[in-house]
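So the structure is just underneath, and the comments pick up after that.
Just so you know, these numbers use all the heavy atoms, side chains as well, and skip hydrogens, waters and symmetry mates.
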Amino acid sequence: MDFFRRLLQRSPIDGFVLSILAAVVIAAFLPAEGATADILDWVVTIAIGALFFLYGTRLHPREALDGLRHWRLHLTILAFTFVAFPLIGLALRPIAEPLVGDDLYAGLLFLCLVPSTVQSSIAFTSIARGNVAGAIVSASTSNILGVFLTPLLVVALMSTAGDIHIDASSVLKIVAQILVPFIVGQIARPWVGPFFSRHAAPTKYADRSAIVLVVYVAFSEGVREGIWSLVSAADVIAVAIISLLLVIVMLFVTRWLPQRLGFDRADTIAIQFCGTKKSLATGLPMATVLFSGSVVGLIVLPLMIFHQIQLILCSWLSARYARELDESTD
């Protein structure tokens, strides 16, 4: 164990990034299947609920209320998610469609229309010491609004959309998995907050562990569906390059513009990590009800690739922000 610990410390790549890469590799060769996959789905749900319970115990109610009041922050994040991303998706058509074909381009456009992630956006914001309260409100709002805005955007911008059925259970799932544990944590904070403060070391890896688990479970699902057999290696590489460039551009814009608008460091970090994310957990079920037939697999493939790239880059970036802050305070 000491050998691997020293190896990670000397590695130029952050250990969190290596953990995510390891989860992807393991899922590719040993995906969760059958009863194991069902159990892990429940484990992920519980882990995410526990994660937001911890956030609730860490945040003072005054900070949470300030998060609700910060309307400029939330409008900026929502504008990146549901305005800037769709416009970029449309602008990609002349370049992406000839490279990857109609169906995969439709998938690239679809990923631009889905809401932001919740758990990873907030976890990365927390790791980077950003505005966690604001990130919780914005990411949760993005998912709730996305239940309605994403289908409307699909109808308006994608000719491949068929009949759309809005499932109210999506909203209930978000509320039950994210907001309820957070509120319970807020209520329990006077009693359990001091305990978690005294035992911070065992819980400091909860954010990262939850993300690694989500990556493994999500990637396992794609492997089980045989998504990689539907496209050529060249198509996958092209989609990966486009997704990588899209993530890099959005990470730059979501940092540059908020700084020009006068947001402080904590708010800029929340905007960057919430405004660049696209939710695989929300996007996959939406795709199954918005589209039909074999096209579904091709449409969700770009979202799956984008999701892995955004997690890897943002994990590195959040760790870098945390190190920079620690160095500046030494």
Side-chain angles (χ1 to χ4, degrees), residues 1 15-58 114-127 132 135-136 139-140 143 167 169-185 188 192 195-196 199-227 273 277-288 300 303-304 307-308 310-312 314-315 318:
M1 291 298 294
F16 189 23
V17 177
L18 293 176
S19 299
I20 289 179
L21 291 174
V24 172
V25 172
I26 293 172
F29 292 97
L30 296 172
E33 297 179 314
T36 302
D38 295 335
I39 292 172
L40 283 180
D41 285 340
W42 280 104
V43 171
V44 167
T45 300
I46 294 171
I48 293 171
L51 184 64
F52 288 100
F53 173 80
L54 288 175
Y55 285 142
T57 63
R58 293 171 187 169
V114 301
S116 175
T117 62
V118 178
Q119 61 268 20
S120 61
S121 294
I122 299 170
F124 287 137
T125 301
S126 175
I127 292 168
V132 176
I136 289 174
S140 301
N143 270 256
D167 187 358
S169 65
S170 298
V171 177
L172 295 178
K173 182 178 180 181
I174 294 169
V175 171
Q177 193 173 5
I178 305 298
L179 295 182
V180 170
F182 175 76
I183 293 173
V184 172
V192 301
F195 173 81
F196 287 121
H199 301 83
T203 61
K204 69 179 181 178
Y205 296 110
D207 300 352
R208 301 185 177 193
S209 298
I211 293 174
V212 172
L213 183 59
V214 169
V215 169
Y216 173 74
V217 172
F219 206 83
S220 292
E221 183 175 355
V223 173
R224 291 197 307 271
E225 294 296 325
I227 202 74
F273 288 125
K277 293 294 192 347
K278 289 298 178 178
S279 176
L280 182 66
T282 304
L284 284 177
M286 281 186 175
T288 60
V300 301
L303 177 59
M304 291 177 60
H307 189 265
Q308 309 308 320
Q310 72 180 6
L311 288 179
I312 293 170
C314 289
S315 66
S318 63

Could you give the distance from [atom1] ([X]) to [atom2] ([Y]), rounded to the nearest 0.5 Å?
X: Ser120; Y: Phe273; atom1: OG; atom2: CZ; result: 10.0 Å
X: Leu303; Y: Gln310; atom1: CG; atom2: CD; result: 8.0 Å
X: His307; Y: Ile312; atom1: NE2; atom2: CD1; result: 11.0 Å
X: Asp41; Y: Ile46; atom1: CG; atom2: CD1; result: 11.0 Å
X: Ser315; Y: Phe124; atom1: OG; atom2: CZ; result: 5.0 Å
X: Ile122; Y: Lys277; atom1: CD1; atom2: NZ; result: 10.0 Å

Steps toward side chain to side chain contact (heavy atoms under 4.5 Å, CB included) verdict (Leu311, Thr117): CA-CA 10 Å; Leu311 288 179; Thr117 62; over 6 Å; no
Can you list the residues that meet the side-chain contact (heavy atoms from CB on, under 4.5 Å) rule with Ala27, with sequence neighbours excluded?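 With sequence neighbours excluded, Ala27 shows a side-chain contact (heavy atoms from CB on, under 4.5 Å) to Tyr216, Phe219, Ser220, given in chain and number order.
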By side-chain contact (heavy atoms from CB on, under 4.5 Å) - contacts of Ala188 (at least two apart):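 Ala188 satisfies side-chain contact (heavy atoms from CB on, under 4.5 Å) with Phe53, Val192 only.
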Tell me whether Lys278 contacts the main-chain N or O of Val114 through its side chain, where contact means a donor paired with an acceptor under 3.5 Å.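 It does hold such a pair.
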Could you check whether any side-chain N or O of Thr36 sits under 3.5 Å from a backbone N or O of Ala32, counting only pairs where one atom can act as donor and the other as acceptor?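 No: the side chain of Thr36 does not pair with the backbone of Ala32.
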Taking the side chain as every heavy atom from C-beta outward, state whether Leu40 and Leu213 have any pair of such atoms under 4.5 Å apart.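 Yes, side chains in contact.
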